[in-house]
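All heavy atoms count here, side chains included; hydrogens, waters and symmetry mates do not.
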Amino acid sequence: MLRFAVTFLAVIASSTCQKYGCLEGGTQKLQPSPEPSMQECTLYSKSSCCYADFTEQLAHSPVIKVSNSYWNRCGQLSKSCEDFTKKIECFYQCSPHAAHWIHPNNTAAIRAVPLCQSFCDDWYEACKDDSICVRNWLTDWEWDESGENHCKNKCIPYREMYTNGTDMCQIMWGESFKVSKSSCLCLQMNKKDSTAIKYLLSESSEESSSSSSSSSEEHACQKKLLKFEKLKKKEGEQTR
């Protein structure tokens, strides 16, 4: 599953790494590049931090194991829950933008990536009836000598482990994600992210994303997103 280095290094990542490089997770590239043969994570195929062969692990459902992490310690994930789990895995492993949110004390980790409230709510709904045995996927597993994960506690439904989508998004992966107050300056792990990324990667976006939704960046993002949705709707009508 989405993995981070066990040993946290007190290394401050350079601005070059944050803006143009990839996370130092062990499986990622040094720099993003096209991967046209990806079987999954195709959202990032034009500029990917992972190699196409990595996505082979995600290509067949049910996904049992990714690297050394088993996804089925509490039984196979439902297809809907698995799809969201793949989105998170793909972002961490393959997104050329993940390093913008690189953890200041760990170059293999991310911190405070802004997720849309709607994404978190949908993710929770997709997984609430599946079972899980850890609240924090980064710290609560028991890892054996071969690096494989095992439950330390009994399996319970997601809906019992997490209160709601916000709780799940901001706890499940430690500090990796936060729920954005904005409905546009946030990620949904789909094609709409190309609109939000433009503003999120600007120098002023971090401040604006935590301020009033009436900010100029919020308005610009909403306007751009509306235009994107109208274009996609028109393309869909033309293909019918």
Any luck finding a side-chain donor-acceptor pair between K29 and S33 under 3.5 Å? yes
Show, in sequence, the C-alpha distance, side-chain angles and deciding distance for M172 and F177, and conclude whether the side-chain contact (heavy atoms from CB on, under 4.5 Å) test is met. CA-CA 9 Å; M172 189 174 186; F177 302 105; over 6 Å; no
Cluster question for you: counting only ILVMFWY and a side-chain heavy-atom cut-off of under 4.5 Å, with indirect links fine, are L77 and I88 together? yes
More than 12 heavy atoms of other groups within 6.0 Å of K152 NZ: yes
Which heavy atom in A98 sits nearest to a heavy atom in L23, and how many Å separate them? CB-CD1, 4.0 Å
Dump the intermediate steps for side chain to side chain donor-acceptor pair (under 3.5 Å) on T166 and Q117, then the final yes or no. CA-CA 7 Å; T166 298; Q117 182 72 64; 3.0 Å; yes
Have E35 and S48 got a donor and an acceptor in their side chains that come within less than 3.5 Å? no
D129: side chain to side chain donor-acceptor pair (under 3.5 Å) partners, not counting sequence neighbours: R159
Going by atom types alone, do E148 and S69 pair a side-chain donor with an acceptor below 3.5 Å? no
So which heavy atom on R73 is nearest to which on C155, and how close? O-SG, 3.9 Å
Salt bridge or not between D167 and R135? Use side-chain N to carboxylate O under 4.0 Å. yes
Considering all heavy atoms, the nearest C186-S180 contact: CB-CB, 3.6 Å
Can you name the salt bridge (charged side-chain N to carboxylate O under 4.0 Å, His left out) partners of E142, sequence neighbours left out? none
Where is the tightest heavy-atom contact between L185 and S182, given as atom of each residue plus distance? N-OG, 2.7 Å
Worked verdict on C90 versus C50 for disulfide (SG to SG under 2.5 Å): CA-CA 9 Å; C90 287; C50 70; over 6 Å; no
Kindly check if C133 and C74 bring their SG atoms closer than 2.5 angstrom. no
Of all residues at least two apart in sequence or in a different chain, which pass the salt bridge (charged side-chain N to carboxylate O under 4.0 Å, His left out) check with K86? E40, E82
Does one hydrophobic cluster hold both Y92 and L58, with members joined at side-chain heavy-atom distances below 4.5 Å? yes
Verify disulfide (SG to SG under 2.5 Å) between C41 and C94, making sure each step is shown before the conclusion. CA-CA 7 Å; C41 312; C94 307; 3.9 Å; no
Would you say M189 and M38 are hydrophobically clustered, going by side-chain heavy atoms of ILVMFWY under 4.5 Å? no
